[in-house]
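These numbers were taken from a predicted model, which means no experiment stands behind them. Lettering of chains follows the sequences in order, A, B, ..., and the numbering in each one begins at 1. In what follows, every heavy atom counts, from backbone to side chain, and hydrogens, waters and symmetry copies are set aside.
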Protein chains: 2
Amino acid sequence: MNAYPFDMNVIETKLSKRDRILEAAAAILCQDGFAGASIDAVATRANVSRQTIYNHVGDKEGLFKAVIKELAERSTEHFFEMLEEFPDIDNSDDSLQSGLSAFGTRILYHMTHDKTARWLMRLVQNEGERYPELLSGWREYGPGRKNPALAAKFASLAHAGVIRREDPTLTARQFMALLTAEWRPETQLGHLPDEETCRAMAERGVRAFVAAYAIK
Amino acid sequence: MNAYPFDMNVIETKLSKRDRILEAAAAILCQDGFAGASIDAVATRANVSRQTIYNHVGDKEGLFKAVIKELAERSTEHFFEMLEEFPDIDNSDDSLQSGLSAFGTRILYHMTHDKTARWLMRLVQNEGERYPELLSGWREYGPGRKNPALAAKFASLAHAGVIRREDPTLTARQFMALLTAEWRPETQLGHLPDEETCRAMAERGVRAFVAAYAIK
DNA sequence: ATTTTTTTAGACACAACTGTCCAATCAGTC
DNA sequence: GACTGATTGGACAGTTGTGTCTAAAAAAAT
C-alpha cells in the first residue's frame, strides 16, 4: 500500500512527525482514557492534521498500540540505565543503606517525574483490564524483563552475604513496595514530590528494607 | 421539584431501585471509564428505564458522584469491621507473626475479592486525576480516616514494646506496602488469588515486616 | 524545474450518546 | 374503585466522535 523510501532524511522527518503524534496521543490517552480520547484532540495537540494520524497508525486502536509499544520500549531502556547504578557490594552495613538509598532515590524520582514512566503506568492500570491482549505483550517485555533483572541484583547481594537469602523475586518486590510505600497517597493528588522528598521517602523505605534483610 | 413520600415501604423500594442503579453504574464505570460508560448501558444492566436514572441522580456526573459516595461509605465500613480483628498485644514474637498474618490475610483477601473495594480503588485510580474535586471528599473520608486508624493500632503495638518505635503512619503504610507487594503483578491479569494464595502472600509480607519491626 | 510523495483542511456519512419530553402504565394508598 | 406519584418505553434534537474521501498545498527527490 504505502511504499516508504528508505532515505535517511525522509525517515528522520517521518519519525519526528510520528513522534509528535505518539507523544500527544500518550498524553491524551492518559488524561482521558481510551474512550474519552478523541483523534481530533491528538491531532490538535500534535499540530498535525487528523488524516496524517490515520495514515500512520490506521485507526484508534492502532494508535493505542503504537503508544504502548513506544512507551514500553523507552521505559525499559531507562530502567536498565538506572539498574547500572545498583550499588556494588562491600561488607559495610552503612554502605548498604546509603547505596540502596541512592539507587532507590533515583528510581523513585524517575517513577514520579518521568512522563514516559507515569504515562505507561497509568495506561496499563487504566486500560489493562479492558484490552488484555494489547498489554500481554507489554507484560512480557516490561515486568517480564525488569523483575528478573532487579531480582538478580538482590540475588548477588544475598550471595555475597550482605542480605538474607530469600527468593530474590520476592526480595525485589518487597524492596520496590517499601520504596513506593509513601508514594501513592502523595501522587494521587497530582503534585509531584521534589527530589529532596524522594530522597527522604527512599531513605525511609530502604531503612525498613535493611532492617528486614541486612545480615546485621 | 420532587416531593418524595417518607413512608417506609416506598423508601424501601426506592432504595432498592436506587441500589440497583448504583451497583450497575459502579460496575460499568469501572469497566469503561467515565467517558466510555453510557447511561443506556447502566439502565440495561440495572433493569431500569433510562429516565429513572435521570430522576434519581440528575445527570451523568451526579451518577458518578453518587457511586463514589456509596462505594466509599461501604468500603470504610468494611475496613473498620476488619480493623477489629487487628491482633491483640502480648509479648510472644510468634503471635505477632501469626496475628498480623491472619489480619493481613483478611485485608488482602478483601482487597482482591470484594467488589466494592476493587471498584472504588479502580475508580479512584482511573478518574482521580480528571475529577479531583469529586475525590477530594473521598480522600478525607477514605484514607483520611483509614490511615490514622490503622496507624493507631501500630502505635499501640509500639507502645507495648512489641515493635520498634517509629512514625506510626509510616509503619502502617509500610505494612500495607509489604502486604500488597506481590499483589499488583498478580491482579493486573484479572484472575483473582484464592484464599490460600492470599494467606501465603500475607505471611511473606508480614515476615518481612516482623523482621524489620519486631523487637527481637 | 519537474515529478513524486506527504500533508493539509474541509466536507461527508454514519453511529453513539446525552439530556429532555411525553403519553401510557404500574403500584401502592385512601 | 379512584387517586397519586413513580416508572416505563419510545421519540426527539443536538452534540460529539470515527473513519473516509478529495482537491489543494507543501515538501522532498530526481
Measure from CD on A:Gln51 to P on D:dA24 and round the result to the nearest Å. 17 Å
What is the distance, rounded to the nearest whole Å, between atom OH of B:Tyr54 and atom C1' of D:dA11? 15 Å
Just the rounded figure in Å: distance from P of D:dT8 to CG of B:Asn47. 9 Å
B:Lys17 side chain near D:dT8 phosphate (N/O to OP1/OP2, under 4.0 Å): yes
Do the side-chain N and O atoms of A:Thr52 and A:Asn55 include a donor-acceptor pair separated by under 3.5 angstrom? no
Between P of C:dC22 and CZ of B:Arg50, the distance in whole Å: 15 Å
Send over the distance from A:Asp40 CG to D:dT20 P, rounded to a whole Å. 14 Å
Around atom CD of B:Gln31, are there more than 12 heavy atoms from other residues, nucleotides or ligands closer than 6.0 Å? no
B:Thr52 side-chain N/O to D:dT8 phosphate OP1/OP2 under 4.0 Å: yes
Rounded to whole Å, the CG-P distance (B:Asp32 to C:dA16) equals 15 Å
Over how many whole Å does the gap from B:Asp59 atom CG to C:dT18 atom P extend? 11 Å
Roughly how many Å is it from CD in A:Glu61 to P in D:dT18, rounded to a whole number? 14 Å
Tell me what B:Ala37 touches on the nucleic acid: a base, only sugar-phosphate, or nothing, going by heavy atoms under 4.0 Å. sugar-phosphate
Counting only heavy atoms from other residues, nucleotides and ligands, does the tally under 6.0 Å from NZ of B:Lys69 exceed 12? no
Exactly one of B:Tyr213, B:Phe103, B:Phe209 should register a ring pair (Phe, Tyr, Trp, His ring centres under 6.0 Å) with B:Phe154. Which one does? B:Phe209
Distance below 4.0 Å between B:His56 side-chain N/O and D:dT7 OP1 or OP2: yes
